Chemist: 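Below you'll find the structure I mean.
Owing to the predicted nature of the structure, the values given are computational and were not obtained by experimental measurement.
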Amino acid sequence: DEDGVKNGIVEDDGGISEVFNWFVNGNGEVKYLEDEKILRINLTQNDNGQVTSAWFYRKVNLSKSFEIRFKVYLGNDNGGADGVTFVLQNDSSGFQALGSNGGSLGYSGISPSVAVELDTYHSSWYNDPDSGMDHIAILVNGSMNHTVNNQTYGTPYPAELDNIEDGREHDVWIFWFANNNTLKVFFDGIERLSWSYDVVNQIFGGNPEVFFGFTGATGGYRNYQYVKPYKFVVFEQSCIRGRVFEDLGTLGVEDVDVGIPNVEVGLFKDLNGDGKPEPNEFVETTTTNESGYYEFVVSDVSATYFVVVN
C-alpha cells in the first residue's frame with residue numbers, strides 16, 4: 001500500500017510492513033512472510049533469558065490521533081512466560097532502548113514512556129492480579145508495578161484475561177485519541193482498557209513526537225512470542241463515534257442489536273471547561289445509521305466535544 005490521504009486520514013500501512021523500517025535489539029528478528037503478506041517480529045524464541053526490543057524508524061506525533069493493530073502470539077505453554085509490550089517512548093537511548101529479560105518484558109527502565117503489556121506470568125512483586133491470570137495493563141516510565149502506576153498516573157488496574165498462551169494468534173487494537181488524551185486498548189475485539197491522561201505534557205515533557213515499537217522477554221520460563229503489525233493509521237482529523245441504543249434491561253448497559261436508527265445527533269464544543277455543551281458552539285448534526293451508530297469528523301483535535309441526542 002502507498003501512503004495517501006482519504007477523508008482526512010493519513011494511511012501509512014505500507015511502511016509498517018517493511019523489514020528495513022524496524023530497528024531490532026537483543027535476541028529478536030524481523031521477517032516478511034510472503035505467503036501471508038505480513039511482517040512478523042519475533043520477540044523471543046522458545047528459550048530462557050531472551051529479551052528484544054523493536055522500534056519503527058519514524059516517530060508518531062501524539063498531537064494527532066492514531067490507531068495501530070497487530071496480531072500477537074504468546075506461545076502454547078500455559079506454564080511459560082513472560083509476555084510482550086507495545087511502547088511509546090523517548091528514552092535517551094532512542095532506537096537502542098532495551099529493558100531487562102524475565103518479568104521486566106524488555107520494558108523496565110525505558111523512560112519517558114507509556115506501554116501496553118500483555119503479561120503471561122504472575123509476578124506478585126509487581127502487584128499482578130491475585131488470581132494469577134494472564135492480563136493486559138498500561139505501564140508508565142519503565143515501571144512494571146501496577147499499584148505504583150495506578151497511584152502515580154491513574155492507570156487502570158490490569159484487565160484479567162483467559163489463558164492467552166494457547167497456541168493462537170490474538171488481535172490487539174490500540175487507539176490514541178488526541179482530542180481528549182485517551183488511550184484505548186482492545187483485545188480480540190473487546191475493549192479492555194481506557195486511560196485518559198495528559199501524556200504529552202506530563203510524561204513526555206511537552207514533546208508530542210515519540211518512537212513506538214514492541215518489547216518481549218522470557219526468563220526462567222519461556223515461550224515463543226511474536227507480533228505481526230498490520231495496520232497503522234494517523235488521523236489528521238479526529239473521528240468521534242458512538243451509538244444511540246435502548247437499554248431494555250434498565251441496567252445502564254448497552255443491549256445487543258437494539259441500536260436506534262435515524263436519530264438526529266448534535267455535536268457541540270465545551271470551551272469554558274464546565275463539562276457542559278455550549279449552545280453557541282454548535283458544530284454540526286448527523287443521523288444514526290440503521291444500527292444506531294453515528295460518526296463526526298473534526299479538525300480541531302484539541303477541543304472537548306459533547307454529543308447530544310436531539
Side-chain angles (χ1 to χ4, degrees), residues 1-4 6 9-60 66-78 80-89 95-99 101 105-107 115-120 134 136 161-175 185-190 211-218 221-234:
D1 295 343
E2 296 181 352
D3 293 357
K6 181 178 181 182
I9 297 174
V10 176
E11 299 198 11
D12 194 15
D13 296 357
I16 209 169
S17 297
E18 296 291 333
V19 170
F20 296 108
N21 285 347
W22 292 88
F23 292 84
V24 181
N25 306 288
N27 304 108
E29 62 178 347
V30 179
K31 290 185 176 182
Y32 184 76
L33 306 180
E34 188 64 40
D35 56 338
E36 297 182 44
K37 305 299 181 185
I38 198 170
L39 189 82
R40 184 181 68 204
I41 304 175
N42 291 333
L43 295 171
T44 67
Q45 296 299 325
N46 190 25
D47 290 319
N48 300 106
Q50 298 251 304
V51 63
T52 296
S53 65
W55 308 111
F56 193 59
Y57 82 104
R58 191 170 61 198
K59 291 187 174 184
V60 63
F66 75 86
E67 71 171 284
I68 184 167
R69 301 189 182 203
F70 57 92
K71 296 181 182 297
V72 62
Y73 179 85
L74 294 156
N76 59 7
D77 179 4
N78 191 31
D82 272 281
V84 307
T85 72
F86 168 80
V87 185
L88 303 168
Q89 58 98 354
F95 291 130
Q96 295 180 318
L98 176 64
N101 64 15
L105 306 187
Y107 169 68
V116 174
E117 74 159 2
L118 291 152
D119 193 336
T120 61
D134 297 341
I136 186 169
L161 301 171
D162 292 330
N163 174 35
I164 55 178
E165 302 159 284
D166 56 0
R168 297 173 48 233
E169 292 182 346
H170 297 272
D171 249 321
V172 179
W173 309 337
I174 297 174
F175 297 85
V185 183
F186 290 72
F187 185 85
D188 283 343
I190 299 173
F211 294 109
F212 70 91
F214 303 91
T215 74
T218 62
Y221 299 91
R222 64 194 188 189
N223 257 319
Y224 174 43
Q225 302 173 123
Y226 63 74
V227 292
K228 294 178 177 177
Y230 62 89
K231 183 175 184 180
F232 174 51
V233 180
V234 177

Chemist: Does a side chain donor of either T44 or Q225 reach within less than 3.5 Å of an acceptor in the other side chain?
Modeler: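 Judged by distance alone, the side chains do pair up.
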Chemist: Report the distance from atom CG of L74 to atom CG of L161, rounding to the nearest 0.5 Å.
Modeler: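 Taking CG in L74 and CG in L161, the distance rounds to 9.5 Å.
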Chemist: When rounded to the nearest 0.5 angstrom, what is the spacing between CZ in F211 and CD in Q89?
Modeler: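 Here the interatomic distance stands at 6.5 Å.
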Chemist: Kindly determine whether T215 and W55 satisfy side-chain contact (heavy atoms from CB on, under 4.5 Å), including the steps that lead there.
Modeler: CA-CA 9 Å; T215 74; W55 308 111; 4.2 Å; yes
Chemist: Would you please say whether a donor-acceptor pair under 3.5 Å links the side chains of E29 and N42?
Modeler: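 The criterion, which ignores hydrogens and geometry beyond distance, is satisfied for N42 and E29.
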Chemist: Under 6.0 Å from the OH atom of Y221, do we count more than 12 heavy atoms belonging to anything else shown?
Modeler: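 Counting other residues, nucleotides and ligands, OH of Y221 stays at 12 neighbours or fewer.
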Chemist: So which heavy atom on P229 is nearest to which on S17, and how close?
Modeler: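 Answer, listing the atom of P229 first, then S17: O-OG, 4.4 Å.
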Chemist: Please round to the nearest 0.5 Å and tell me the distance separating atom CG of N76 and atom CG of N223.
Modeler: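 So the gap between those two atoms works out to 6.0 Å.
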Chemist: How far does OG1 of T218 sit from CG of N27, to the nearest 0.5 angstrom?
Modeler: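 Nearest 0.5 Å value for the OG1-CG distance: 7.5 Å.
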Chemist: Looking at every heavy atom in both A217 and N101, which two are closest together, and how far apart are they?
Modeler: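 Result for this residue pair: CB-CA, 3.7 Å.
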Chemist: Centre of F70's six-membered ring, under 6.0 Å away, within 45 degrees of the axis: is that where NZ or CZ of K228 sits?
Modeler: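 No, K228 does not sit over the ring of F70.
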Chemist: Pair K37, Y32 - check side-chain contact (heavy atoms from CB on, under 4.5 Å), show working.
Modeler: CA-CA 7 Å; K37 305 299 181 185; Y32 184 76; 3.5 Å; yes
Chemist: Using the ring of each side chain (for Trp, its six-membered ring), is W22 parallel, tilted or perpendicular to F212, with breaks at 30° and 60°?
Modeler: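 Answer is perpendicular, since the angle exceeds 60°.
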Chemist: So does F214 get a backbone contact from the side chain of T85, meaning a donor-acceptor N/O pair under 3.5 Å?
Modeler: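 Side chain of T85 to backbone of F214, a donor-acceptor pair under 3.5 Å: no, none is there.
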Chemist: L39 and side chain to side chain contact (heavy atoms under 4.5 Å, CB included): which partner among V19, N21, L33, V227?
Modeler: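 Answer to the side chain to side chain contact (heavy atoms under 4.5 Å, CB included) test with L39 among V19, N21, L33, V227: V19.
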Chemist: What distance do L88 atom CG and F66 atom CZ have between them, rounded to the nearest 0.5 Å?
Modeler: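 Between atom CG of L88 and atom CZ of F66 there are 5.0 Å.
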Chemist: Give me the atom names and distance for the closest heavy-atom approach of D77 to R222.
Modeler: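 Scanning both residues completely, I find the closest heavy atoms to be OD2-O, 4.5 Å.
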Chemist: Apply side-chain contact (heavy atoms from CB on, under 4.5 Å) to residues Y230 and I16 and explain how you reach the verdict.
Modeler: CA-CA 7 Å; Y230 62 89; I16 209 169; over 6 Å; no
Chemist: So F187 and L118, side-chain contact (heavy atoms from CB on, under 4.5 Å) or not? Walk me through it.
Modeler: CA-CA 10 Å; F187 185 85; L118 291 152; 3.8 Å; yes
Chemist: State whether the number of non-hydrogen atoms from other residues, nucleotides or ligands found under 6.0 Å of E169 atom CD is greater than 12.
Modeler: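 More than 12 within 6.0 Å, yes.
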Chemist: Between N25 and L98, is there a donor-acceptor pair closer than 3.5 Å when you use the side chain of the first and the backbone of the second?
Modeler: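 Judged by distance alone, no pair lies under 3.5 Å.
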Chemist: If you round to the nearest 0.5 Å, how far is CD of Q50 from CG of D82?
Modeler: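 It comes to 11.5 Å.
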Chemist: Considering non-hydrogen atoms only, spot the tightest contact between T52 and V24 and give its length.
Modeler: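 Reported closest heavy-atom pair: CG2-CG1, 4.1 Å.
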Chemist: Are the side chains of F86 and I174 in contact, using a 4.5 Å heavy-atom criterion?
Modeler: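 They are in side-chain contact.
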